[in-house]
Amino acid sequence: MTDSPAPTVAVSTPIARKPINWLPFMPWIYTIALFAIWELGVQLSGLPHTILPAPSRVFQAIIQYWPAIQRHSIQTLYTTSLGFILAVVGGLALGLLVGWSRTIYAGLYPIMVGFNAIPKVALVPILVIWFGIGTVPAVLTAFLIAFFPIVVNVATGLATIEPETEDVLRALGAKKMDIMLKVGIPRSMPYFFGSLKVAITLAFVGSVISETVAANSGLGYMMSAAQSQFNVPLVFAGLVMLAVEGIVMYALMAWIEKRTTGWAHRSTTMAG
Amino acid sequence: MTDSPAPTVAVSTPIARKPINWLPFMPWIYTIALFAIWELGVQLSGLPHTILPAPSRVFQAIIQYWPAIQRHSIQTLYTTSLGFILAVVGGLALGLLVGWSRTIYAGLYPIMVGFNAIPKVALVPILVIWFGIGTVPAVLTAFLIAFFPIVVNVATGLATIEPETEDVLRALGAKKMDIMLKVGIPRSMPYFFGSLKVAITLAFVGSVISETVAANSGLGYMMSAAQSQFNVPLVFAGLVMLAVEGIVMYALMAWIEKRTTGWAHRSTTMAG
Amino acid sequence: AQDLTPVRFTLDWRIEGPAAGFMLAEANGYFEEEGLDVTFDVGNGSVEVIPRVATGAYDMGFGDINSLIKFLDEDVDQPIKAIMMVYETPTFSVVGRRSLGVTEDPASLEGKTLGAPPPDGAFAQWPAFVEASGIDTTDITIESIGFPVREPMLAQGDVDTVFGFAFSVILNLKAQGVADDDIVPIMMADHGLALYGNSIMVNTDFAEANPEVVEGMLRALTKGFADAVADPAAGAAAVVAANDILDVAIETERLEMANAMNINTSYVQENGFGGVDMNRLDAAIEQLGTSIGISSDISAADVFDDSFLPPAEERMLQ
Amino acid sequence: MTKPLVAIDQVDMRYGGPDGTLAVAGLNMVVEKGEFAAVVGPSGCGKSTLMKLVTGLHIPQSGLVTVAGTHVTKPVSIVGMAFQNPTMLPWRTTLDNILLPLEIVERHRHRLRRHKAEYVAKAEALLDTVGLKGFGSKFPWQLSGGMQQRANLCRALIHEPELLMLDEPFGALDAFTREELWQVIRDLHAAQGVTIVLVTHDLREAAFLADTIHVMSARPGRVLNVHRVPFARPRQLELMYEPAFNDLVHSLRAEIADARAVA
Amino acid sequence: MTKPLVAIDQVDMRYGGPDGTLAVAGLNMVVEKGEFAAVVGPSGCGKSTLMKLVTGLHIPQSGLVTVAGTHVTKPVSIVGMAFQNPTMLPWRTTLDNILLPLEIVERHRHRLRRHKAEYVAKAEALLDTVGLKGFGSKFPWQLSGGMQQRANLCRALIHEPELLMLDEPFGALDAFTREELWQVIRDLHAAQGVTIVLVTHDLREAAFLADTIHVMSARPGRVLNVHRVPFARPRQLELMYEPAFNDLVHSLRAEIADARAVA
Ligand SMILES: Nc1ncnc2c1ncn2[C@@H]1O[C@H](COP(=O)(O)OP(=O)(O)OP(=O)(O)O)[C@@H](O)[C@H]1O
Ligand SMILES: Nc1ncnc2c1ncn2[C@@H]1O[C@H](COP(=O)(O)OP(=O)(O)OP(=O)(O)O)[C@@H](O)[C@H]1O
Ligand SMILES: [Mg+2]
Ligand SMILES: [Mg+2]
């Protein structure tokens, strides 16, 4: 009697328990779908390729100009990463500062909001006067545009510490700094990583617009040079490269996030 | 005996309990300090006002061109607000969608990151061709640039629901949608508001860059026209107006935030 | 090998056909002969060059002299001057399409919609052009459209004409598929505009300290531009070598247009490359008064300094 | 005899994958409709796990959980559960927390808007019963530990579930408040015929309230023994001074002493 | 006689501004150095508030709290506190949670890096004492309610504080685990001469462990009565079967019944 059900279980489990895991393929499926819609949309709408080139044309451009694209992409990745690292450090520090004291919060926050409502491209000429064109203004622009979301989420993380948790540390005579480091930051980690996702994309935008205005290399330079030639497929090739670099950086951060904030992503019904 | 200490208390309490509350003045103090430093920096560095005008000159320009500035500011405020509202609605919806399912998360998130790494100014021409110049592309650009931070924070809020809280609802037979609405969203409210602060500043940037490329009014148009005239003080007047509008919107949201997320801001040591 | 003097030079725009003079001077070793090591940085328009040079961020640059006049008008003591004229005739133009009813006659613009990027140099001269050519602007609509949509909107017929530099707009329109004979450039200079165009500028503090460097620069650049006029193909090749996303054929065409319309003009053929007629420059300042508003009484001598130019005979383009 | 309302059959439950903690193993339990079952056992033996298995919050790796005749594969909707930790939602007032089930449960959610006042009155009556009159407008974090626990209990009761799962609902209360609430629960059980599963560490509580007492072994938990409590209903607090009551409590005590050793 | 370690003098404490809840009013209490004080009283009467006043987490609106001779105006650093809710940090393992005080308290934080192994061994020994051997590497949310409470206790003990404040540390434990931990605390008190304030709802627990029992009134809480527990130390669990013990417990019980009525 015990023999007969056993094989059934053995047969049924692999089928029931191991459905194909589609998850790793999802980004590809969505991307391919997106490109398909794009291609179709362009074909049907009949938009001229000087406005919106079809992806097929963009890929042609990527292949045709690959050496230039590669060089400029690496430059942009480099400036963006530097600016992003600055933004993380600066954003964390500013976030802690703003979270630190109510007076700094009240005073600094509105100014930061005001500053961030300004298109950074307006500041690039000033940076160029000070630092010349090239890497430095691009890094700084990336930094200036990217630090704010980090500040906001770190400061929110600190401001919303539950007093119950705080009390655990306060009862031990912990200083404010201890509470920030031991509770505030770890607790806001998931949102910190969320802000990094926003910050990295903004950092790319920042370095690219700076390169557009003032650089001899980088994707921003390449795209503006191509734009002035109305080589729009090449402009879009640059955009696609930007997107790819953004996704690569995202993947890197998603990986770090997974390793550090597992404790927070325990929800059984929600994605994450 | 009981009479004599009473006045002491009466005298000492108002002094001890009512120190001047500096908090509401802080934004002004910081702003004035900022302008003072700026003025001083310009005076000392001897930068020509065609590069970085001193605030005094900027205020002259504001007064001189007030009717134009007012008209353009209102236009920008209008397009930005529209774009921002779209971004809030769209960001909330997308955030819920991304938080809803692991496959959508895996597929859509990277694409959104890639999309957001693209400077939106590159997309304005397409919008202009489709919708003509003026308000519509500005609103759409503001939307496109501003929705992402909202998505990220809403999705993070959903992904980090504690299973303990979730269980309270699941035990009642709650559907996923119930859990999202009753727990996910309220719980991530503080971060939702944080993302709004980022989103509103980005919305301003978005509508301004769109106006720069294609509009007959709005601060972006005004600044680019002023720039070509070497009227740099007017450019900065535009930037200052943008900052002011950003701060006004921030104040509005801070007010709403205060009324809705008091429960989360109970920390005794941290600002908030 | 030897001790070269470094010079920081900012261009007006990306490296494209018209910049062949700079690239050839470099490629043919003229700078090295003068003992110079020149770094060329690309610019973001002929206007932004001016603050870059005036603040000393760059020693020299290639920018719009009309904007320089406006800039010096704000404060005449700023350390920047033009020292060599390159675009003797400015390339400011209104480009329209014959099929939309535009002809070479400026009067054909009446009743039309004009697309104008606000930062465009040609658009800035519109008031002076209106006055010089005497057209009636009452029925003219001006739409503010940025550079990325300028030619596409004209190609689509959303606007009837656009402002811009002739050699850019014409080639871009062709790239949009507009037929050659449909494109009508109205050159502002042909209709009474006395203005000059882009010129070499120097930070005067730098020039005072290194007069021989500046002179060497101008000698080398004169040779470079002469070469570009003589052999546009070689010029385009030098340009493409520096900016590898370009198409040689298009850049050759662009360079040839710039040579013909702006650089190797009849005045230049007579009087040599690089110099200006100070009276005409004063007249230009006058006209600028109408277009962009000049408040102080600035004179040609405040703007242009010919003392660094090589002798006229060395500046003749064959 | 009718089918039991709750049946747990040879259930194994392991947390966190194949190498995780085996919480319960070979668990069997039956609760009839209308029965009052108490579960006792050493700390960490799997009592809360059992509760979550019955409500369908956890699905066992092997074995079968049946509630109201249906095999449990997802949360069942006929229960009211008071969790061990009063997980109140901090952005809602106590009253709104208590009204939460009404916003979820099918039967009530459609009526809620129109009959709001009626439901609020009911919630306030409940708060009064547990000694929290006037605290409905306070936020949960403005309540003391024991008050939160009482509010938690109200939340489990408000929607009049068929099956009530109470996980140490009186742990943070003083003896008198506790005894008052025993009577409340006792009367509720008597009046409405609701089925109740109660986890407790207080053997006197179990003996006073329950029809059956299920003694669990140390982790991995299983039910070692089921005691039928012989005392007639309705029971009064005086019951606790009777020798038979104390004998039962003592024998339970001895059994748990053994249970701690058994795995 | 030396000065008392803890002195609360006519303290009023109101939560949330002038119209908030008055938690304690006219509170007086004295705990000598080395004394074991138990605090009992009805739910919501202000026991946890009292604990927070002593540790300086709350500063009273009027009256004076003195600890170790200093007027308390900010958190004092000589205490180890076990909160009523085990507020473990979810991103730390249980072991790291227990080590937390060592990262904060001046005396240890500088030594921690170099003597890590030693401290970890100590933490693991503590975990063993409370029956959590092997659970150090688990995250707090992987522990049952009672296990979390025990880990919470470990965290209060690890840095060997002079003053131990325990707010219902055994509420979620079964009788046997509870008795074991009573002995642990008793021995700790005997060996190290630490001063302990214990909030509890279990009168037997109070009578077994404490030197003095402070009975509080219903909210707004104040101390109605202080009982000196006469039993000699060291006390054994058998004490609880002695009539004198039961008499004390019964008289306490009666007093609390009254206390619930008194405000
Ligand atoms: N989410 C979880 N992840 C991993 N292990 C868990 C989890 N929840 C419980 N456990 C483990 O399962 C076992 C049983 O836990 P459970 O909460 O059921 O105990 P319990 O009987 O309710 O104990 P207590 O009386 O202390 O509340 C424990 O060893 C615990 O460590
Ligand atoms: N943070 C707070 N904000 C407002 N009111 C509070 C707060 N904490 C406690 N209270 C109120 O103070 C009173 C005393 O609370 P406390 O926690 O001291 O009671 P307790 O004696 O510990 O009760 P329990 O035995 O139930 O834990 C209660 O009425 C409670 O509502
Ligand atoms: Mg439990
Ligand atoms: Mg308490």
Could you grab the distance from atom [atom1] of [X] to atom [atom2] of [Y], nearest 0.5 Å is fine?
X	Y	atom1	atom2	value
A:Leu234	C:Ile245	CG	CD1	5.0 Å
C:Asp244	A:Tyr65	CG	OH	9.5 Å
C:Ile15	A:Tyr221	CD1	OH	5.0 Å
A:Gln229	C:Leu246	CD	CG	4.5 Å

Exercise for review: Taking all heavy atoms of C:Phe147 and all of A:Phe230, pick out the closest pair and write down the distance.
Suggested key: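 It is O-CZ, 4.0 Å.
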Point to revise | Shortest non-hydrogen separation from C:Glu16 to A:Ala225 and the atoms involved | key: OE2-O, 4.4 Å
Study note, to complete from the structure: With chain A, the option among C:Pro152, C:Gly43, C:Ala54, C:Ala242 that has the most non-hydrogen atom pairs under 4.5 Å is C:Pro152
Exercise for review: Name the option with the most non-hydrogen atom pairs under 4.5 Å to chain A; the candidates are C:Ser168, C:Pro148, C:Ala175.
Suggested key: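 Between C:Ser168, C:Pro148, C:Ala175, the count favours C:Pro148.
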Exercise for review: Please check if atom CH2 in A:Trp66 has more than 12 non-hydrogen atoms from other residues, nucleotides or ligands closer than 6.0 Å.
Suggested key: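 Enclosed.
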Check your understanding: For A:Trp38, does the CH2 atom have more than 12 heavy-atom neighbours from other residues, nucleotides or ligands under 6.0 Å away?
Key -> yes
Practice item. Measure distances from A:Ala215 to the heavy atoms of chain C and classify the residue's part below 4.5 Å as side chain, backbone, both or neither. Key: backbone
**Study point:** Atom group of C:Arg254 that falls short of 4.5 Å from chain A, counting heavy atoms
**Key:**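 Contact with chain A is through the side chain of C:Arg254 alone.
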Exercise for review: Heavy-atom distances under 4.5 Å only: say whether C:Phe40 touches chain A with side chain, backbone, both or neither.
Suggested key: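 Just its backbone gets close to chain A.
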Practice item. Evaluate the side-chain contact (heavy atoms from CB on, under 4.5 Å) criterion for residues C:Tyr58 and A:Ile133: first the C-alpha distance (whole Å), next the side-chain angles of each, then the deciding distance (0.1 Å), finally the verdict. Key: CA-CA 10 Å; C:Tyr58 288 84; A:Ile133 75 169; 3.1 Å; yes
Point to revise | Closest-packed option against chain C by number of heavy-atom pairs under 4.5 Å, given A:Gln64, A:Met222, A:Gln227 | key: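 Winner by heavy-atom pair count: A:Gln227.
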Review point. Out of A:Val128, A:Ile126, A:Ile129, which one pairs with C:Thr55 under the side-chain contact (heavy atoms from CB on, under 4.5 Å) rule?
Key: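 Among A:Val128, A:Ile126, A:Ile129, the one meeting side-chain contact (heavy atoms from CB on, under 4.5 Å) with C:Thr55 is A:Ile129.
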